[in-house]
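The structure under discussion appears below in the form of structure tokens.
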Amino acid sequence: MIHIALIGTNSICRLHAEGLLLFPGRCRITALVDIRPENAENFKKKYHLDCPVFSSHEELLSSGPAVDSVHICTPPFTHAPIAVDCMNAGKHVLVEKPMAASLSECDTMLEASRKNGVLLSVIAQNRFYSEINWVKSLIESGLLGKICCSHVRSYWWRGHEYYDTWWRGLWEKEGGGPTLNHAVHQIDLLNWIRGQMPSEVFSMLSNVLHDNSEVEDISLSLLKYRDKTLGDITGSVIHHGEGQALIFQCEYGKISFPWDIQANTAKPDGFPMENTILKQKINDRKRFIKPLIYEGHTGQIDNFLMAAERGTDPLITGIDGRNTLELITAIYKSGCLGQPVKLPIQPEDDFYTSHGMIQKMKAQTQNNF
Ligand SMILES: NC(=O)c1ccc[n+]([C@@H]2O[C@H](COP(=O)([O-])OP(=O)(O)OC[C@H]3O[C@@H](n4cnc5c(N)ncnc54)[C@H](O)[C@@H]3O)[C@@H](O)[C@H]2O)c1
């Protein structure tokens, strides 16, 4: 039985509780922590939990019941300090996205996980949808050939009021705009499916519609990989109708999430004609890929419990969370400096630390990017 404390008991934490409560034979919610204890008390009532409430993670660690794992569902700027304290106290950590506010914080978290021999996983619940698993499996099958170009559309829409929440829209607290907090999901999927990081990124950022926020509300980025292939990412909260997509143009066909496949072959003059044989093969193979039993947060919670039970790595590791943040950091650096940026971001880079990045980004914000 795995004993779990939930830290930060408001919006997203509900999905953690609902996921955990589906596995009563494997885990129990043993403590709730929130700097606003009334949030935790309401949460406790809503889910009929029988557990103590603490007003800080320090209080939990010093005087709370024994817990094996913590789920951190607090604002991004708090993730690293809470996670490191909990890992130093021997707890496994499942932290909400984004992993942390900077690469230096990610590295401190990775070191705490290694040093204490505890698990560290970062929420990337979109990996736990059957459709995206079809896309990954089919690309890995080789039927479509190599990825030549990828397109990531992270289109969301948020009104002014969204940025009235105390920690949103601030470089110090939210750490960034939709590139960090929304496209983080699609960027994780991109890195997972591509299996490699880009070597170079060129981005533009702007804040077009949210004058109560200092972060970007749209970013457009071009990516180049070491194997000469290209990609692009749009991260936005100004797109009406919303809609998120990953499109992979491969050597022999196109495959997308949401699900779509297209395949062309050449007529004698080189112009395209539909490759119905390949489309049929892809659809036939897709039928044999089993749908997932648990999807979204519940899927990741099941996977994290399994890792703790069996002593294996979770599907989404701290390294994955760091890679996602590294690509996002490169986007911010490029948009801020107005020039292409090479990866990896080195520890001596201004953008490696929260302090360096915030200083640079705030200066740029004053010039409206
Ligand atoms: N995976 C997803 O799809 C998804 C969706 C929304 C939010 N999130 C992430 O979840 C996290 C929380 O977002 P939210 O929308 O639930 O925020 P929220 O403001 O609704 O809830 C955060 C809770 O944390 C508490 N809190 C703040 N600082 C704390 C601290 N130091 N110690 C203990 N409690 C503290 C707050 O009082 C609040 O109850 C963020 O990192 C956000 O990016 C993820």
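Order of appearance sets the numbers: ligands from 1, and atoms from 1 within every ligand.
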Does the salt bridge (Lys or Arg N to Asp or Glu O under 4.0 Å) test come out yes or no for Asp188 and Lys97, once each step is laid out? CA-CA 10 Å; Asp188 170 76; Lys97 61 78 185 168; over 6 Å; no

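- Checked by atom type, the side-chain pair Glu216/Tyr332 shows a donor-acceptor distance below 3.5 Å.
- Between the side chains of Ser154 and Trp156, at least one donor N or O sits under 3.5 Å from an acceptor N or O.
- For the residue pair Ala124 and Gln300, the shortest heavy atom distance occurs at N-OE1, 2.8 Å.
- Counting only N and O atoms by type, the side chains of Asp164 and Asn212 include a donor and acceptor under 3.5 Å apart.
- Residue pairs meeting the side-chain hydrogen bond (donor to acceptor under 3.5 Å, both in side chains) criterion with at least one partner in residues 63-75, sequence neighbours excluded, are His16-His71, Thr74-Thr78.
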Show the distances, to 0.1 Å, for all pairs joining an N/O atom of ligand 1 and a protein N/O atom that are shorter than 3.5 Å, listing one pair per line.
from	atom 1	to	atom 2	distance (Å)
ligand 1	1 (N)	Glu96	OE1	3.0
ligand 1	1 (N)	Gln125	OE1	3.2
ligand 1	3 (O)	Gln125	NE2	2.8
ligand 1	3 (O)	His185	NE2	3.4
ligand 1	16 (O)	Ile12	N	3.0
ligand 1	19 (O)	Trp167	NE1	3.0
ligand 1	20 (O)	Asn10	ND2	2.9
ligand 1	20 (O)	Ser11	N	3.4
ligand 1	20 (O)	Ser11	OG	2.7
ligand 1	34 (N)	Ile35	N	3.3
ligand 1	37 (O)	Asp34	OD1	2.6
ligand 1	39 (O)	Asp34	OD1	3.3
ligand 1	39 (O)	Asp34	OD2	2.6
ligand 1	39 (O)	Asn39	ND2	2.8
ligand 1	41 (O)	Thr74	O	3.2
ligand 1	41 (O)	His79	NE2	3.1
ligand 1	41 (O)	Lys97	O	3.0
ligand 1	43 (O)	Lys97	O	3.0
ligand 1	43 (O)	Lys97	NZ	3.0

